[in-house]
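Counting convention: from 1, in listed order, for ligands and their atoms alike.
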Amino acid sequence: MRYISTRGQAPDLSFEEAMLTGLARDGGLYVPAEVPVMSQADIAALAGLSYEEVAYRVMRPFVEGSFGDSEFADIIGRAYDGFGHDARAPMVQLGANHFLLELFHGPTLAFKDFAMQMIGQLFEAALKKRDERVTIVGATSGDTGSAAIEAFAGLDAVDVFIMYPHGRVSEVQRRQMTTPTDANIHALAVHGDFDDCQARLKDMFNDFDFRDGVKLAGVNSINWGRVLAQVVYYFSAATALGAPLRSVSFTVPTGNFGDIFAGYIARKMGLPIDKLVIATNQNDILHRTLQTGAYSTKGVTPSISPSMDIQVSSNFERVLFDAYGRDGGAVSQVMDELKSGGEFKISQGAIDVLRETFTSGRASEAETSATIKDMLMRTGEVLCPHSAVGVKVAEEHLGAEPMITLATAHPAKFPAAVEAACGLHPALPARMQDLFERPERFTEVANDLNELTTLIRGRTKQ
Ligand SMILES: *Cc1c(COP(=O)(O)O)cnc(C)c1O
């Protein structure tokens, strides 16, 4: 399978190359040149299989040419081995026709583990074959960094440096980054805020001497390997509820549009998904875009669902590429407008295409808190604030077909907001209860490119 850029200018790549590259050289994102379609019989045959087996059958065509059959099966096995639930992505029922897909049983209690664990193993396998090592540097406000650390800890072919804003992440998030003991893991507490960390990461990618010297690689949410791993749970959930004989809808709490874009790919592969509902918090750029046809950025207002506090939704470019009939020139043009003026208008043809697949809603802060309380009362289920945004918006879109809302994090990751909403302090799962006793290990660094690159060069094994 070949991968092409959404801006039409970069060379097409294999799965392995697209994964190791991340961002295309023309500034675009890689997408499959053609999305493989699964027959209704092949989809029906997924019912009752293990999560790993579903993962193999759904992802196999996308990695064609990069990994052998048994090699790929082994990669999947290792990726999901550390999950705290045998089903990996179990469902619970919230109402007569409303289901919650729990994506928080991975090592860091958020759905990002599904993708990050998979690409940790994919990177390791690909790099070993090439006899190469890379240095992964990431900037995080909390969830992504811990997921990356857990995924790459102890692997031979990668050194991982995660920058987080010193004193500005929650204690659970910090401890998830500072307590792994593996020598290839480096937690860097930067004296600055999250924007500073992101800006230094960008500087590092623009410092070609450093970039080539340490073989810098990125694993942020635009990495195609991450999107692909998320396609799987749409299949496992839908087939558990009767697909392909019965169609289902999904509601997805959205920030960077990565998770819901995976649902869009599942639909293109032939999974009968009726509606894909975009759920936003008060930072509702995607909801406004679908309503008005104009993508127009405003400042970010911090919310109790911080992983969705975003105004530039990077993966949205991928769906725009399809909506514009895969015209890379048209995508380049609107992305240039966004860069220069902070907004662009979507053509009538393209917005019509988007509205055929997606619908949307937003939840205010008060509605999010009220939903946490209401769900506890009605069902006994304790939701994290991101999942509560999804449940609130889903309830406005219930129809004849089953609605599946994605629960993106465990409530214990956001204890303050959950306790304020419903009075209950969510406990960490038993397997993590010693998190607060484990010794921490991190390095404080100034918000300074030179200091950061010197430190990273000194610690990589290149
Ligand atoms: C990252 C994240 C989201 C948003 O996911 P996108 O793929 O960026 O849309 C939602 N909830 C939680 C808990 C997250 O960590």
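Here the two rings, on F161 and H186, have centers that are under 6.0 Å apart. For an aromatic pair to be called close, the ring centres must be under 6.0 Å apart, and F83 with Y80 satisfies this.
Under the ring pair (Phe, Tyr, Trp, His ring centres under 6.0 Å) criterion, the residue pairs touching residues 261-313 are F261-Y264, Y264-F358, Y295-F316, Y295-F344, with sequence neighbours excluded.
Looking from atom 4 (C) of ligand 1 to the surrounding protein, the closest heavy atom is G255 N, 3.7 Å. When only non-hydrogen protein atoms are considered, atom 11 (N) of ligand 1 lies nearest to T408 OG1, 2.8 Å. Atom 2 (C) of ligand 1 has K112 NZ, 2.5 Å as its closest protein atom, hydrogens excluded (heavy atom only).
A salt bridge links E317 with R7: the closest approach of a Lys/Arg side-chain nitrogen to an acidic carboxylate oxygen falls below 4.0 angstrom. Here E343 does not pair with R288 in a salt bridge; the nearest charged N to carboxylate O distance is not below 4.0 Å.
A side-chain donor-acceptor contact under 3.5 Å links D309 and N283.
For D81, there are no salt bridge (charged side-chain N to carboxylate O under 4.0 Å, His left out) partners two or more places apart in sequence or in a different chain.
Annotation: N256 places an N or O atom under 3.5 Å from an N or O atom of ligand 1; distance criterion only. Annotation: D143 places an N or O atom under 3.5 Å from an N or O atom of ligand 1; distance criterion only. In terms of polar-atom proximity, F111 is not counted as a contact of ligand 1, lacking any N or O under 3.5 Å from an N or O of the ligand.
No option in Y233, F250, Y234 other than F250 meets the side chain to side chain contact (heavy atoms under 4.5 Å, CB included) test with I404.
Atoms of ligand 1 lying under 4.0 Å from at least one heavy atom of T254, given by number and element, are 9 (O). Applying the 4.0 Å criterion to heavy atoms of A409 picks out, from ligand 1, the atoms 13 (C). Residue G258 approaches ligand 1 through these ligand atoms, each under 4.0 Å from one of its heavy atoms: 6 (P), 7 (O), 9 (O).
At a heavy-atom cutoff of 4.0 Å, ligand 1 is contacted by both the backbone and the side chain of D259. Contacts between M308 and ligand 1, counted as non-hydrogen atom pairs separated by less than 4.0 Å, involve the side chain only.
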